[in-house]
Amino acid sequence: MSEAGNAIELDGLTKSFPGVRAVDGLTFAVRRGEIFGLVGPDGAGKTTTMRMLAGVLAPDEGSATVAGFDLSRDAKRAKHRISYMPQRFGLYEELTVDENIRFYADLFGVPRQERDARAVELLRAAGMSEFRSRLAGKLSGGMKQKLGLVCALIHTPEVILLDEPTNGVDPVSRRDFWRILYTLLDQGVTILTTTAYLDEAERCHRVALLHEGRMLFCDTPANLKDSLPGAVLSIVCAEPRPVRDLLAGVEGISTAMIVGDGLHLVVHDPGRMIPELRDRIAAAGLSCDAIEQVAPSIEDLFVEAVQGQGAREDGDRGTQRGER
Ligand SMILES: Nc1ncnc2c1ncn2[C@@H]1O[C@H](COP(=O)(O)OP(=O)(O)OP(=O)(O)O)[C@@H](O)[C@H]1O
């Protein structure tokens, strides 16, 4: 039975493919009007979860309710209330922007007057008003993603499921994208999104970390950061790999991950560790420009959580795409 305040509920949702349990007893709920982020390394089970919630893949076990419909009984009716934007949204490259929107408006049975007003509003929010007659195949990657979102939203859904909607999208288009999402939240829509960008996870009301089909954490970004077991030290250095290798296994350091200009370490006792690190790095003939304690990011927590599960051995962060 769905609780009144929840737009999405999963209870023990499970799906296996030959040789892999892609989603393993997943249980969580997304409240109405919330934007909820699902993050995790490649293969964590994010897409499989989204496909089950969109009603395009049947679970092996467990149940899910979306927009008040139990998907095992009412998946067809639920589809009118849900909008699902898969990683490769089906745009017609040989049709113009307007023609693509019209196609999806017809598919969802949106009345002409309503669709025109909505298309104008969505295209303006997407910064695409000038491109209405351009062929979709001639749009940039970011614009294609935004057009996908416009098409997915043309029927005013209650629940939106977005699978890595901004993957590979330029920063300006990503900003437009998030502006549209926040406008939708103001209108009472519920959004569940997966993302490979952890700065985007910080923009969600709540975030869940998936790993090997299971949920490791689910909370607000602020609470997640507070829950990091230790402090984060930033080491600025020109050659982070040898420094990381040097520090691997040192007592008091639980995680070391390479960031753009150095390393982030999760340590238990930062006051004791800073001089010790300076000495070790100097003694090995390596250089380091600065070592300081910094506020934890969601990324620090997630790398700590995933490495703590024994998932990664090389000390880099969880996904290539997450590298700064
Ligand atoms: N149709 C399928 N057939 C066989 N295995 C699959 C299928 N879909 C997913 N898998 C496997 O299930 C696991 C979870 O995949 P899923 O795509 O859900 O992960 P993900 O978190 O979305 O990762 P990514 O960001 O790489 O898409 C992976 O091991 C994947 O290889």
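Whatever order the structure lists ligands and atoms in, that order sets their numbers, starting from 1.
One N or O on the side chain of T14 and one on the backbone of G12 form a donor-acceptor pair closer than 3.5 Å. Counting only distance, with no hydrogens or angles, the side chain of D74 and the backbone of R77 share no donor-acceptor pair below 3.5 Å. Between the D289 side chain and the C237 main chain, no donor and acceptor come within less than 3.5 Å of each other.
At least one heavy atom of E164 sits under 4.0 Å from some atom of ligand 1. Contact analysis puts Q87 in contact with ligand 1, with a non-hydrogen atom separation below 4.0 angstrom.
When G43, G40, P41 are ranked by how near their heavy atoms come to atom 14 (C) of ligand 1, first place goes to G43. Which of V39, N167, T48 comes nearest to atom 18 (O) of ligand 1 through a heavy atom is settled by distance: it is T48.
One distance of note links CZ of R244 with CD of E239; it measures 13.0 Å at 0.5 Å rounding.
With ligand atoms numbered from 1 in the order given, ligand 1 contributes 12 (O), 13 (C), 14 (C) to contacts under 4.0 Å with heavy atoms of A22. Shown in contact with A44 at under 4.0 Å from a heavy atom are these atoms of ligand 1, numbered in order with element: 19 (O), 20 (P), 21 (O).
The distance criterion of under 3.5 Å between nitrogen or oxygen atoms is not met by V20 with respect to ligand 1. Checked against a 3.5 angstrom limit, the closest N/O atoms of P18 and ligand 1 fall outside it.
Contacts between D42 and ligand 1 below 4.0 angstrom, taking non-hydrogen atoms only, involve backbone and side chain alike.
For R81 and F69, the positive end is not near the middle of the six-membered ring at less than 6.0 Å and at most 45° from its axis.
Closest approach of I82 to P157, counting heavy atoms only: C-CB, 4.0 Å.
Note on ring orientation: taking the six-membered ring where Trp is involved, the planes of F217 and F302 are parallel (angle under 30°, cut-offs 30° and 60°).
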